[in-house]
Amino acid sequence: MSSKKPWEGRFAAPTDQTLEDFSESLSFDRRLYPQDIAQSLAHCEMLIRQGIIEEDIGRRIMETLKEIREELDAGTFPFDSAWEDIHMAIEARLIEKMGPAGGALHTARSRNDQVATDLRLYVKEEIGEFRGLLSDLMAAFIEKAKEHIDLIFPGLTHLQHAQAVRFSHHLMAYVEMFHRDEERLRDALKRVDLCPLGSGALAGTTFPIDRVFVAEKLGFRDVTRNSMDAVSDRDFVVEFLSALSLIMVHLSRFAEDLILWNSTYWHLIELPDTLATGSSMMPQKKNPDGAELIRGKSGRVFGHLMALLVVLKGLPMTYNRDLQEDKEPLFDAVDTVRSSLRMAALLVKGLKPLLEEMEKAVRQGYLQATDLADYLVRKGKPFREAHGIVGKLVSYALASGKDLAEMSFEEMKRFSPDFEDDVSEVLSVERGVDQRNEIGMTGRESVLAHIAYAEEHYLKSKEE
Ligand code: ARG
């Protein structure tokens, strides 16, 4: 049966245990204790400054809050499941430790603006953490790209051999994706970084509080501008979950590439034993479970985004208890994306390109065909005609089981008199790659320039 409730004055009977169990959030929102204590300290200091509570009581509240933080840090805080949420647990402990005077802390505050403030502080910190994790992952890709700058790799469209690229160019494509993610988080921060404290339950407070002081104390860039919106707004969580979802889209695409490269059929990379798992039945197996789980866990994060959108879409003004359902999706998304980013960085560091296999792969699938058509264009043929000629040449090569580079000059001449001695240059896959040297292309100079650009502009340590 429930212990004392802060609202019990109005009630004649205790809460039914089923409702108590159903509505508690302490089991998961205890994660917000650092933010909750921080805001209580700032709020209390403001109450003292404004003369709303007595200085000596205020000071004792602040000292006791710090002791409580130590208990929470040390894991000695006596959690009592009767306390509905972390806000009430901390307040109850405060009163337990210093007596009824501790109850002054909640002057001019509601759990509605309190939880909104905690959550904004939490998301702000997580944005910082994720920007760091993204930077670490980008650094891993950049290192790999540098290490294998001269490795040529089959580029695909429709999962079919298309044109040759540098392996480093493929790796740097992910860097662009994760850089966008990092930028998206930074953009979102602007809207997270507002302090709702002082909105009260929905209508503010009659006390002469100083909202700007509290906001500054807590490191917010500004305060929210409408108390009703402020207690019910969770757009910032949606934006954050949406940025996390896109990170998972990108991680999942990388995982898929890795799984294909590592597959028995493609066999283009190898994973170290430390980053693969075996089978309980088949002794020969070495599986890329880390990558598969990243791909699999992405669904979970998209689900959390959807769940929150659905929670929000029918809510009338202002705070409704439905909003408590924002936390588990948010926390699980944070944990899932954090561990996925760390796993991915390890996989990038550990993956080993199989040089001979890659060399073989770029000799397959007529990767130089487009370059050959371009060659004929330079000799004066309209592109469409050149495309047709090379198409016939490829069809002949297919029938005779040869690569374009293996064809004799005479054989080629049969398809067009425009093929001259210099055609051999075009048949070199490596040369073709290196001729693509404008910004954003796969030539050696372009990729080196991209790497230098990314190191200068994308990585956290370089920027801050
Ligand atoms: N545990 C609640 C939540 O997470 C805190 C706010 C409760 N407010 C209320 N009026 N019951 O949303």
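Counting convention: from 1, in listed order, for ligands and their atoms alike.
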*Between Phe77 and Tyr33, does the ring centre distance come in under 6.0 Å?*
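So the answer is no for these two rings.
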*Do Phe178 and Tyr458 make the cut of ring centroids closer than 6.0 angstrom?*
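No - the distance between ring centres of Phe178 and Tyr458 does not fall below the 6.0 Å cut-off.
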*Using non-hydrogen atoms of the residue, decide whether Lys327 is closer than 4.0 angstrom to ligand 1.*
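Yes; Lys327 lies near enough to ligand 1 that a heavy-atom distance drops under 4.0 Å.
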Nearest protein heavy-atom contact for [atom]: which residue, which atom, what distance?
| atom | value |
| --- | --- |
| atom 10 (N) of ligand 1 | Asn112 OD1, 3.2 Å |
| atom 11 (N) of ligand 1 | Arg111 NH2, 3.5 Å |
| atom 5 (C) of ligand 1 | Asp85 OD2, 3.4 Å |
| atom 6 (C) of ligand 1 | Tyr319 OH, 3.4 Å |

*Ionic contact status for Glu70 with Lys97, cut-off 4.0 Å*: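 Looking at Lys97 and Glu70, the cut-off is not met.
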*Charged N to carboxylate O under 4.0 angstrom, Asp335 versus Arg338?*
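A salt bridge is present here (some side-chain N lies under 4.0 Å from a carboxylate O).
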*asked:* Whether Arg120 engages the ring of Phe236 as a cation-pi pair (distance to the six-membered ring centre under 6.0 angstrom, angle to the ring normal within 45°) should be assessed.
replied: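 Cation-pi check for Arg120 and Phe236: passes.
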_Pi-cation contact, Phe220 with Lys124 (under 6.0 Å, within 45°)_ =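 Satisfied, under 6.0 Å and within 45°.
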*Within a distance under 4.0 Å of any heavy atom of Gln324, pick out the atoms of ligand 1 and give their elements.*
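Once the distances to Gln324 are compared, the set is 1 (N), 2 (C), 3 (C), 4 (O), 12 (O).
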_Atoms of ligand 1 close to Ser25 [distance to a heavy atom under 4.0 angstrom, numbered from 1]_ =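 Checking each atom against Ser25, I get 1 (N).
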